[in-house]
Amino acid sequence: MTELLKISLPDGSVREMEPGSTPGDVAAAIGPGLAKAAIAARVDGELRDINRPFEGDAELALVTARDEEDALELARHDFAHVLAEAVQSLYPGTQITFGPATDDGFYYDVKAPADREPFSMDDLPDIEEEMRRIIKADKPLRREVWSRQQLIDKWEAEGEVFKAEWAKELPENEELTVYWSGEDWLDMCRGPHLASTGKLDPQAFKLTRVAGAYWRGDQNNPQLTRIYGTGWLNKKQLNAHLTRLEEAAKRDHRKLGREMDLFHLQEEAHGSVFWHPKGYRIWRELESYMRRKMDKAGYREIKTPQLMDVRQWEQSGHWGKYAENMFAVPDMVPEVEELGDGPANPSVAPDADWMAIKPMNCPAHVLVFKQGITSYRDLPIRLGEMGCCHRNEPHGALHGLMRVRQFTQDDAHIFCTEAQVVEEVRAFCKLADEVYSDFGFTYDVKLALRPEKRFGSEADWDKAEQELRDAVAEAGMANDEYGWEELPGEGAFYAPKLEWHLTDAIGRTWQVGTIQGDRVLPDRLDASYVGEDGDKHRPVMLHRAIFGSYERFIGILIEHFAGRLPVWLAPVQAVIATIVSDADDYAKEAVARLEAAGIRVESDLRNEKINYKVREHSHAKVPHLLVVGNREAEEGTVAIRTLGEKEQRVMSLDEAIAMLKAEATPPDLREG
RNA sequence: GCUGCUGUAGCUCAGUGGUAGAGCGCACCCUUGGUAAGGGUGAGGCCGGGAGUUCAAUCCUCCCCAGCAGCACCA
């Protein structure tokens with residue numbers, strides 16, 4: 001007589017089951033409806049296959065499609081397996097490697113057979129069709145425990161060199177599992193999986209693209225083809241997702257930047273931005289705003305050289321560690337050879353001194369700090385700079401305004417005593433919160449901890465990490481509301497980093513703000529202050545930024561607002577458009593009054609129909625269109641059509657000016 | 001930097017081994033019209049750069065540059 005297993009359910013009841021029974025059996029025992037709906041199980045909290053037998057008494061929660069997060073994870077993982085199976089079925093000789101679930105779907109890295117080109121977009125329809133066939137075949141997905149040697153033998157026998165390599169590195173004593181799809185295909189996998197491929201909705205996925213990816217993420221390894229798909233529980237979810245992608249594409253700052261005439265990029269200066277008048281207007285508003293915030297917070301603004309002798313960069317450590325990303329120029333007048341009408345050929349003397357363009361502002365700020373003798377009474381010293389930096393980024397990394405080779409940071413360095421660090425960081429947390437709130441962003445705060453390769457003693461790292469932790473706790477942000485999380489190994493080589501990750505209007509996150517507690521650079525550059533005891537001490541240097549860079553922040557703003565910037569940032573805040581030319585004089589008068597009130601206004605007196613003007617200025621994302629015809633001219637009113645609203649409002653010109661003035665006031669200057 | 005794709009008018013894109021086309025935009029003319037495209041005419045291109053194949057290259061081949069997607073990178 002074997003003992004029955006005691007399976008506790010979420011409602012507190014306990015069921016007794018035969019040994020060897022599975023969560024699926026429990027579901028069946030409860031009712032046929034649940035048996036059908038259950039797709040997986042949480043056994044003692046662990047997500048498991050529905051038909052994996054219990055190993056003893058357990059707490060069970062059955063997972064159905066209503067448990068969306070679990071269900072999606074399972075479905076995507078299954079889609080990835082089906083993808084790999086489909087590719088191998090269509091193209092025998094393809095090697096498979098890995099295929100996890102992602103935020104919106106799945107991918108699988110594969111290596112095409114040697115006699116075939118790597119897979120391309122053109123192959124995707126065939127693969128999708130094969131996947132649907134596998135799903136419709138409703139192949140059972142069966143878990144099996146294998147030994148490591150069994151796995152190695154199988155992969156080697158099948159010429160799966162990547163899988164074999166991986167299997168060889170698996171731990172000896174761990175329980176290794178494979179999943180069969182029917183009787184003819186398997187992949188090694190930790191699981192769990194759905195009970196069969198038929199549990200997937202064949203209309204709920206779409207292969208989206210192919211891309212190169214390195215084996216095990218290392219660029220020294222062979223490159224594989226990564227096939228991406230997006231996968232969901234049903235077609236409705238898939239379509240909603242595809243709609244979201246379209247929405248994101250519409251917000252693309254590169255597209256809007258062109259349409260709204262904000263900036264352009266061209267290959268002669270790739271990675272650097274040509275700001276047009278309208279785009280630079282946004283920049284100037286941001287810069288004025290940030291100057292006010294920093295002035296109020298006790299920062300003092302400085303300006304430091306773009307070019308410094310390479311010896312200075314050697315001392316700071318950048319020339320050794322970072323030279324390949326720096327631009328260098330010879331400190332000399334180049335010899336120029338005239339070649340008739342051809343190009344001048346400058347040559348650099350072998351003994352030329354080299355200068356480098358700054359990739360960051362910190363060393364220069366230390367040099368400013370080091371001028372004169374600083375007393376502990378002067379600390380903290382907060383030096384700010386709208387610092388224009390150049391970094392020679394890998395070309396594949398460049399992306400619109402988000403990743404550029406020339407950018408300007410809202411940079412500052414706070415030099416302080418150890419005792420002041422926590423308070424300074426706490427104050428920064430508050431400042432950052434004010435700024436992000438003014439733009440309507442919510443954000444998460446993360447702490448990036450010491451990386452493997454680093455400078456400085458363990459004691460200093462312990463201290464530096466704890467300071468940041470304490471400051472965030474004091475600011476009341478070390479909790480779920482602020483997405484508080486510590487990220488081991490993600491810090492800079494010289495300091496742990498607090499990071500601010502913004503969430504934009506369609507849910508994407510962007511890292512912008514940071515503060516870092518650095519004890520390395522003050523030491524390398526020999527910065528010191530005189531303490532109360534009369535001795536020299538090293539200050540702690542806090543590197544910090546809130547926008548991160550103007551370029552990136554403007555890119556994020558454009559996408560966040562889909563180009564519909566708040567009035568205070570809009571390059572053109574209002575357009576006065578006439579219906580008939582008889583209203584021209586009144587329109588000009590209105591423009592003059594608005595300009596006098598400090599509103600950025602343009603007039604549109606063109607001989608075009610009002611429909612046409614409305615359409616054009618709506619596309620241009622002008623917040624307010626003030627329409628004037630004979631009626632308004634007589635009555636001294638304007639008909640305001642506000643972007644995004646269907647109805648116009650008629651009000652007196654005075655009222656309109658008051659309203660626009662209020663909306664055009666930057667958030668930090670508003671009353672109340 | 002790696003893999004793949006792309007590069008034709010200001011923008012979005014079609015097209016062909018015999019030096020090119022559309023829509024939008026732009027200019028001019030007509031139209032003065034009350035809230036998302038009124039009509040007409042016209043200008044505008046070394047078909048990314050270089051080399052090669054060819055009687056002939058925007059088209060085919062090779063190299064380079066830039067962009068896009070992903071990877072790697074982001075002190």
Side-chain angles (χ1 to χ4, degrees), chain A residues 102 107 109 112 117-123 208-228 252 254-255 258-259 261 264-271 316-318 320-326 359-360 362 389 391-400 402-405 407 448 451 453-455 490-495 497 511 514 516 518 520-521 543 548-549 552 577-584 605-620 625-632 639-643 645-650:
Chain A
T102 63
Y107 65 78
D109 288 350
E117 299 280 300
F119 300 110
S120 72
M121 292 292 284
D122 299 336
D123 299 313
T208 49
R209 56 182 182 262
V210 294
Y214 299 107
W215 166 237
R216 309 179 79 169
D218 185 334
Q219 62 174 324
N220 298 314
N221 288 338
Q223 193 154 27
L224 311 167
T225 304
R226 178 168 296 177
I227 302 175
Y228 279 94
D252 190 308
R254 294 165 299 184
K255 180 172 174 287
R258 196 168 41 240
E259 286 172 6
D261 193 19
H264 86 270
L265 299 157
Q266 66 181 60
E267 60 178 279
E268 288 77 4
H270 72 275
S316 68
H318 294 98
K321 264 195 142 17
Y322 199 65
E324 62 182 22
N325 288 309
M326 290 170 68
M360 58 194 59
C362 352
C389 298
R391 296 181 189 177
N392 198 350
E393 302 282 4
H395 287 194
L398 299 176
H399 181 92
M402 302 303 193
R403 189 86 178 265
V404 286
R405 303 211 297 178
F407 56 91
K453 286 184 190 165
R454 56 181 181 261
F455 287 166
E490 304 260 313
F493 71 86
Y494 55 81
K497 306 195 279 191
Q511 199 225 299
T514 185
Q516 311 165 5
D518 179 8
V520 173
L521 200 58
H543 307 245
S549 84
R552 178 179 285 192
T578 51
I579 294 169
V580 291
S581 51
D582 287 345
D584 284 3
L605 310 183
R606 290 175 306 171
N607 177 11
E608 294 290 352
K609 291 197 168 179
I610 193 63
N611 291 16
Y612 183 87
K613 295 186 183 182
V614 166
R615 179 183 153 85
E616 192 175 282
H617 299 300
S618 299
H619 280 162
L625 185 61
L626 279 52
V627 177
V628 297
N630 285 326
R631 205 153 61 215
E632 288 76 15
I640 299 193
R641 186 185 166 113
T642 296
L643 192 61
E645 286 176 21
K646 287 187 187 123
E647 299 295 318
Q648 78 220 39
R649 286 172 291 170
V650 178

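Below, all heavy atoms of this structure are taken into account, side chains as well, without hydrogens, waters or symmetry copies. Quick caveat, the model's predicted, so the values are computed rather than measured. Naming: A, B, ... by sequence-line order, numbering from 1 per chain.
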Engineer: Check this one for me: any side-chain N or O of A:His264 less than 4.0 Å away from OP1 or OP2 of B:C11?
Structural biologist: no
Engineer: Does a side-chain N or O from A:Arg258 land closer than 4.0 Å to OP1 or OP2 of B:G10, or not?
Structural biologist: no
Engineer: Roughly, in whole Å, what's the span from NZ in A:Lys255 to P in B:A69?
Structural biologist: 14 Å
Engineer: Between A:Arg254 (CZ) and B:C11 (C1'), how many Å, whole number?
Structural biologist: 16 Å
Engineer: Base, sugar-phosphate or nothing for A:Leu265? Non-hydrogen atoms, less than 4.0 Å.
Structural biologist: nothing
Engineer: B:G42 and B:U58: how far apart are their C1' atoms, nearest whole angstrom?
Structural biologist: 26 Å
Engineer: Please round to the nearest 0.5 Å and tell me the distance separating atom CZ of A:Phe493 and atom CG of A:Asp518.
Structural biologist: 8.5 Å
Engineer: Could you write nucleotides 32-46 of chain B as a row of B, S and -, 5' to 3', where a protein heavy atom under 4.0 Å of any base atom gives B, of only sugar-phosphate atoms gives S, and otherwise -?
Structural biologist: BBBBBBS--------
Engineer: State the CG-OG distance between A:Leu605 and A:Ser581, to the nearest 0.5 angstrom.
Structural biologist: 9.5 Å
Engineer: Could you work out, with side chain to side chain donor-acceptor pair (under 3.5 Å) as the rule, every residue matching A:Glu393, not counting sequence neighbours?
Structural biologist: A:Arg403
Engineer: Can you check the distance between B:U8 and B:U12, where both ends of the measurement are the P atom (answer in whole Å)?
Structural biologist: 9 Å
Engineer: Verify, without hydrogens or angle tests, whether A:Arg405 (side chain) and A:Gly271 (backbone) share a donor-acceptor contact under 3.5 angstrom.
Structural biologist: no
Engineer: Rounding to the closest angstrom, what is the interatomic distance between B:C5 and B:U61 at atom P?
Structural biologist: 12 Å
Engineer: Under 4.0 Å between any heavy atoms, over every strand shown, what does A:Tyr107 touch: base, sugar-phosphate, or nothing? Just pick one.
Structural biologist: nothing
Engineer: Using a 3.5 Å limit on both pairing distances, list the dot-bracket string of RNA chain B from the 5' end; Watson-Crick and G-U wobble pairs count, crossing pairs take [ ], interstrand pairs take |.
Structural biologist: (((((((..((((....[..)))).(((((.......))))).....(((((..]....))))))))))))....
Engineer: Between A:Asp252 and A:His318, which residue's closest nucleotide on RNA chain B lies nearer the 5′ terminus?
Structural biologist: A:Asp252
Engineer: Can you measure from CD (A:Gln648) to OG1 (A:Thr642) and round to the nearest 0.5 angstrom?
Structural biologist: 10.5 Å
Engineer: Residues two or more places apart in sequence or in another chain: which of them pass side chain to side chain contact (heavy atoms under 4.5 Å, CB included) with A:Arg209?
Structural biologist: A:Met121, A:Tyr228
Engineer: Should we count CD of A:Glu647 as having more than 12 external heavy atoms under 6.0 Å?
Structural biologist: no
Engineer: For atom P, what is the distance between B:C65 and B:G50, given to the nearest Å?
Structural biologist: 15 Å
Engineer: Can you tell me how far C1' of B:C24 sits from CD of A:Glu259, to the nearest Å?
Structural biologist: 12 Å
Engineer: Taking any heavy-atom pair under 4.0 Å as a contact, classify A:Gly217: base, sugar-phosphate, or nothing.
Structural biologist: sugar-phosphate
Engineer: Just by distance, do the side chain of A:Lys613 and the backbone of A:Leu625 share a donor-acceptor pair under 3.5 Å?
Structural biologist: no
Engineer: With a 4.0 Å cut-off, would you call A:Glu259 and A:Lys255 a salt bridge?
Structural biologist: yes
Engineer: If the condition is salt bridge (charged side-chain N to carboxylate O under 4.0 Å, His left out), which residues does A:Glu490 pass it with, not counting sequence neighbours?
Structural biologist: none
Engineer: Say we look at B:C59 and B:U53: how far apart would their C1' atoms be, to the nearest angstrom?
Structural biologist: 13 Å
Engineer: Parallel, tilted or perpendicular: which describes the rings of A:His543 and A:Tyr494, with under 30° parallel and over 60° perpendicular?
Structural biologist: tilted
Engineer: Hey, is the side chain of A:Arg403 pairing donor to acceptor with the base of B:C73 inside 3.5 Å?
Structural biologist: yes
Engineer: Looking only at atom C1', what distance separates B:U19 and B:C55, rounded to whole Å?
Structural biologist: 15 Å
Engineer: Are A:Arg254 and A:Asp252 close enough for a salt bridge, meaning some N to O gap below 4.0 Å?
Structural biologist: yes
Engineer: Figure out the CG/C1' separation between A:Leu398 and B:A69, and round it to whole Å.
Structural biologist: 14 Å
Engineer: Could you encode protein contacts along nucleotides 1-8 of chain B as a string, one character per nucleotide from 5' to 3', using B for base contact, S for sugar-phosphate-only contact and - for no contact, with a heavy-atom cut-off of under 4.0 Å?
Structural biologist: BBB-----
Engineer: Within the structure shown, what part of the strands sits under 4.0 Å from A:Arg216 by heavy-atom distance: base, sugar-phosphate, or nothing?
Structural biologist: nothing
Engineer: Is it true that A:Glu324 and A:Arg391 have a side-chain N and a carboxylate O under 4.0 angstrom from each other?
Structural biologist: no
Engineer: If I pick the P atom on B:A9 and the same atom on B:G4, what distance separates them, to the nearest angstrom?
Structural biologist: 27 Å
Engineer: Rounded off to whole Å, could you give me the CD-to-P distance for the A:Glu393 and B:A66 pair?
Structural biologist: 15 Å
Engineer: Nearest heavy atom decides the nucleotide; on that basis, is A:Gln516 or A:Gly271 closer to the 5' end of RNA chain B?
Structural biologist: A:Gly271
Engineer: Can you tell me how far C1' in B:C47 sits from the matching atom in B:G7, rounded to whole Å?
Structural biologist: 10 Å
